[in-house]
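This report refers to the structure that appears directly beneath it.
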Amino acid sequence: MPATTTVIIGAGHCGLAMSHCLAARSIDHVVLERGDVANSWRTQRWDSLRLLTPNWMTRLPGYTYRGADPDGYLRASQVAAMLEDYAGASAAPVLTGTPVTSVRTAGAGYVVRTGQGTWRAATVVLASGAATVPAVPALARLVPAGITSVTPAGYRNPGELPPGGVLVIGASASGIQLADELCRSGRPVTLAAGEHVRMPRTYRGRDILWWMDACGLLDQGYDEAGDLVRARNVPSMQLVGSPGRTVDLNALSSAGVRLAGRLAGIKDGVAQFSGSLPNVCALADLKLGRLLNTIDAWAGASGERFAPTTVPTAPLGLDLRSGEISTIVWATGYRPELSWLDVPVFDRSGRVVHDGGVTASPGLYLIGMPFLRRRKSSLIDGAAADAADLTMHLAGHLDALAGRCERSA
Ligand SMILES: Cc1cc2nc3c(=O)[nH]c(=O)nc-3n(C[C@H](O)[C@H](O)[C@H](O)COP(=O)(O)OP(=O)(O)OC[C@H]3O[C@@H](n4cnc5c(N)ncnc54)[C@H](O)[C@@H]3O)c2cc1C
């Protein structure tokens with residue numbers, strides 16, 4: 001059975017960032033990847049997707065964007081190419097086509113089984129992704145026959161959907177981007193919006209993420225968040241990677257998208273929407289105002305304010321058997337897939353319990369989850385600092401293990 005000091009599971013940007021940091025400390029490791037490097041950017045993104053983070057924010061340990069368009073937004077294929085180059089430049093020891101099928105504790109370390117053999121390691125880093133599978137609510141099974149259901153991970157472009165109207169469920173980044181694309185393609189689109197994070201693309205002449213980065217908001221630590229559970233569940237920002245273009249609910253309804261409240265149920269083929277749309281829009285407006293106030297306080301000057309969300313008279317029901325809707329897009333979020341992790345570190349809802357990525361199982365680490373250690377932990381730009389912190393903890397754990405061995409020798 002081959003042995004190494006650390007097994008990293010997943011060769012997305014987080015796994016590669018961890019590999020870079022471990023290599024800098026000469027910690028022997030392998031990166032086990034079920035597909036190719038950057039698998040999720042190759043297999044789970046729609047054709048038109050661009051990062052919502054500007055190119056200058058594409059920073060990893062030992063890598064910064066040096067292209068000609070720092071304010072542009074990379075396509076998914078460009079992200080995949082960038083990560084492939086990064087893995088090559090870092091000489092990351094990636095074993096592709098190696099799906100991990102189980103991780104168990106064994107003595108002071110772990111046994112990691114894969115489709116290509118079994119590894120022994122003192123430490124394991126779970127970098128298999130926070131957005132590995134779409135999180136579709138159970139009520140999706142009540143959708144009448146004849147309606148096509150897709151998720152953002154399976155959707156590619158409007159031309160692949162059957163002709164007819166589309167109901168998009170969810171108004172976070174994926175939902176608003178797909179509602180926008182489908183509406184522009186000439187489809188009648190209804191968007192069911194629950195709680196969402198309204199965001200202008202630009203503020204006072206700069207990308208909103210420039211302000212959030214500059215004033216330190218994205219660096220806020222997990223120990224500074226008032227309600228960490230809530231902070232870790234905040235929906236993604238309503239942003240699209242298109243220079244200067246804001247795609248919020250006002251923009252979408254002006255373009256012809258019909259807004260409805262959160263999908264609350266499906267009964268006898270009728271989609272039932274919550275009447276909370278005015279409330280969730282008021283909350284999103286309020287939070288946007290607070291964000292801009294924070295930025296203004298940091299900048300020492302005040303800027304423009306945006307018109308409140310115009311809330312139309314929204315439908316409370318939509319008959320899915322009427323023929324009006326041919327497709328439902330479940331843009332209801334994503335979740336990790338860790339069914340192969342056979343170590344008791346889960347809470348009752350199936351999430352890994354961790355303290356900034358450090359689990360209760362000594363030597364088992366997690367990276368890439370929302371607000372893992374910082375507000376930016378789920379962004380590419382968050383991996384460098386998180387990987388550096390976790391590498392330091394992991395190195396300390398190895399030192400402690402070595403000390404224990406010396407004492408018992
Ligand atoms: C639609 C979408 C758009 C996003 N846009 C942005 C953006 O604009 N800017 C930004 O900064 N972030 C963005 N993100 C967030 C984030 O950057 C991505 O989710 C990113 O892919 C996460 O990186 P990761 O390395 O944690 O996970 P992943 O990229 O998902 O990598 C995990 C890897 O683990 C592998 N894996 C999983 N299970 C196993 C197993 N059992 N055995 C072996 N390998 C396994 C997978 O194949 C994959 O390659 C976006 C996310 C999504 C879903």
Side-chain angles (χ1 to χ4, degrees), residues 7-19 30-46 48-60 65 72-76 78-80 82-84 86-87 92 94-103 112-116 119 124-135 151-155 170 172-178 207 209 213 218 236-237 239-242 331-342 357 366-370 372 375-384 386-387:
V7 161
I8 300 172
I9 303 170
H13 77 265
C14 283
L16 297 175
M18 243 354 257
S19 169
V30 287
V31 185
L32 305 180
E33 166 57 52
R34 62 180 174 179
D36 286 322
V37 167
N39 193 48
S40 58
W41 295 101
R42 297 176 200 277
T43 62
Q44 296 188 325
R45 306 290 186 255
W46 57 93
S48 65
L49 181 126
R50 284 182 181 271
L51 289 187
L52 51 78
T53 42
N55 292 341
W56 57 262
M57 269 183 91
T58 306
R59 299 179 282 215
L60 286 168
Y65 176 85
Y73 307 90
L74 292 182
R75 288 185 177 282
Q78 294 173 309
V79 179
M82 179 274 291
L83 291 177
E84 184 88 53
Y86 179 63
V94 182
L95 298 180
T96 55
T98 308
V100 170
T101 53
S102 94
V103 175
V112 180
R113 287 187 200 287
T114 82
Q116 307 292 333
W119 285 81
V124 169
V125 180
L126 307 169
S128 51
T132 319
V133 284
T151 65
Y155 169 88
S172 294
S174 298
I176 55 114
Q177 290 181 25
L178 297 187
D207 196 291
L209 291 171
D213 182 57
L218 295 175
S236 58
M237 297 174 273
L239 285 174
V240 53
S242 175
T332 37
Y334 304 83
R335 63 176 175 79
E337 208 294 293
L338 292 162
S339 54
W340 38 266
L341 179 59
D342 200 2
L366 178 68
I367 187 166
M369 297 294 143
L372 183 96
R375 188 175 293 281
K376 64 181 179 186
S377 288
S378 58
L379 298 176
I380 292 170
D381 193 32
D386 287 3

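Counting starts at 1 for both ligands and their atoms, in listed order. All values below come from the heavy atoms of this structure, side chains included, with hydrogens, waters and symmetry mates left out. The structure displayed is predicted, hence computed values, not measured ones.
- Applying the 4.0 Å criterion to heavy atoms of Trp340 picks out, from ligand 1, the atoms 41 (N).
- Here is the list of ligand 1 atoms found below 4.0 Å of a heavy atom in Tyr334: 1 (C), 53 (C).
- Residue-to-ligand polar distances place Asn39 within reach of ligand 1: an N/O pair is separated by less than 3.5 Å.
- Between the Glu84 side chain and the Ala38 main chain, no donor and acceptor come within less than 3.5 Å of each other.
- For atom 38 (N) of ligand 1, the closest non-hydrogen atom on the protein side is Ser128 CB, 3.6 Å.
- Residue contacts with ligand 1: Leu16 is excluded, as none of its non-hydrogen atoms falls under 4.0 Å.
- Atom 47 (O) of ligand 1 has Glu33 OE2, 2.7 Å as its closest protein atom, hydrogens excluded (heavy atom only).
- Remark: side-chain polar atoms of Arg335 are not paired, donor with acceptor, to backbone N or O of Ala135 under 3.5 angstrom.
- For ligand 1, the polar-atom distance check finds no N/O of Ala131 at less than 3.5 Å from any of the ligand's N/O atoms.
- Two residues are said to be in side-chain contact when any heavy atoms from C-beta on lie closer than 4.5 Å; Val79 and Leu51 meet this criterion.
- Without hydrogens or angle criteria, Gln116 side chain to Gly97 main chain gives a donor-acceptor distance under 3.5 Å.
- Among Gly368, Gly129, Gly10, the residue whose heavy atom lies nearest to atom 34 (O) of ligand 1 is Gly10.
- The existence of a salt bridge linking Arg113 and Asp342 is excluded, since no basic side-chain nitrogen approaches an acidic carboxylate oxygen closer than 4.0 Å.
- A 4.5 Å side-chain heavy-atom check between Gln44 and Tyr334 finds every atom pair outside the cut-off.
- Summarising the contacts of atom 15 (C) of ligand 1 with Pro54, Ala17, Ser378, Ser174, the nearest heavy atom is found in Ser378.
- Leu52 and Ala173 make their closest contact through CD2-CB, 3.7 Å (heavy atoms, listed as atom of the first residue, atom of the second, distance).
- Regarding atom 22 (C) of ligand 1, its nearest protein heavy-atom neighbour is His13 CE1, 3.6 Å.
- Of all the atoms in ligand 1, the ones that sit under 4.0 Å from a non-hydrogen atom of Leu51 are 6 (C), 7 (C), 8 (O), 9 (N).
- Looking at ligand 1, you won't find any N or O of Thr132 less than 3.5 Å from one of its N or O atoms.
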Give every donor-acceptor pair under 3.5 Å between a side-chain atom in residues 11-18 and any protein atom, sequence neighbours left out.
none

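- Taking the ring-ring contact (aromatic ring centres under 6.0 Å, His included) definition, one finds that Tyr86 meets it with His20, sequence neighbours left out.
- Annotation for ligand 1: atoms under 4.0 Å from non-hydrogen atoms of Leu32 are 43 (C), 44 (N).
- If you check each of Val100, Leu209, Val112 against atom 41 (N) of ligand 1, the one with the closest non-hydrogen atom is Val100.
- Residue-level proximity to ligand 1 for Glu337 is absent, since no heavy atom of it falls below 4.0 angstrom.
- Close approach to Thr53 involves these atoms of ligand 1, each under 4.0 Å from a residue heavy atom: 7 (C), 8 (O), 9 (N), 10 (C), 11 (O).
- Here the straight-line distance linking atom CG of Asp386 with atom CG of Leu379 works out to 10.5 Å at 0.5 Å rounding.
- Closest to atom 25 (O) of ligand 1 among all protein heavy atoms lies Cys14 N, 3.0 Å.
- Counting only distance, with no hydrogens or angles, the side chain of Thr96 and the backbone of Glu33 share no donor-acceptor pair below 3.5 Å.
- Protein heavy atom closest to atom 3 (C) of ligand 1, with residue, atom name and distance, is Leu49 CD1, 4.2 Å.
- With a 4.5 Å cut-off on side-chain heavy atoms, Met237 and Leu209 count as touching.
- Heavy atoms of Pro99 approach ligand 1 to within less than 4.0 angstrom.
- Using a 4.5 Å cut-off on side-chain heavy atoms (C-beta onward), Val7 and Val100 make no contact.
- Between Gln78 and Tyr73, the shortest heavy-atom distance links the atoms OE1-O, 4.4 Å.
- Atom 19 (O) of ligand 1 has Arg45 NH2, 4.0 Å as its closest protein atom, hydrogens excluded (heavy atom only).
- Close contacts of ligand 1 with Gly12, meaning ligand atoms under 4.0 Å from a residue heavy atom, involve 25 (O), 29 (O), 31 (O), 33 (C).
- Under the 3.5 Å distance criterion, the side-chain polar atoms of Ser19 are left unmatched by any main-chain donor or acceptor of Ala92.
- Neither the backbone nor the side chain of Ala383 has any atom closer than 4.0 Å to an atom of ligand 1 (non-hydrogen atoms only).
- Residue contact check for ligand 1: Trp41 places a non-hydrogen atom closer than 4.0 Å to it.
- At the shortest separation from atom 43 (C) of ligand 1 among protein heavy atoms lies Arg34 N, 3.2 Å.
- Counting the atoms of ligand 1 from 1 in the order shown, those under 4.0 Å from a heavy atom of Thr98 are 43 (C).
- For Ala130, no nitrogen or oxygen atom sits less than 3.5 Å from a nitrogen or oxygen atom of ligand 1, counting backbone and side chain alike.
- Judged purely by atom type and a 3.5 angstrom limit, Arg42 uses its side chain to pair as donor or acceptor with the backbone of Val37.
- Of the N and O atoms on the side chains of Ser174 and Tyr155, not one donor lies less than 3.5 Å from an acceptor on the other residue.
- Residue-to-ligand polar distances place Ser40 within reach of ligand 1: an N/O pair is separated by less than 3.5 Å.
- Here is the list of ligand 1 atoms found below 4.0 Å of a heavy atom in Ala127: 32 (C), 33 (C), 34 (O).
- The protein atom (non-hydrogen) at minimum distance from atom 8 (O) of ligand 1 is Leu52 N, 2.6 Å.
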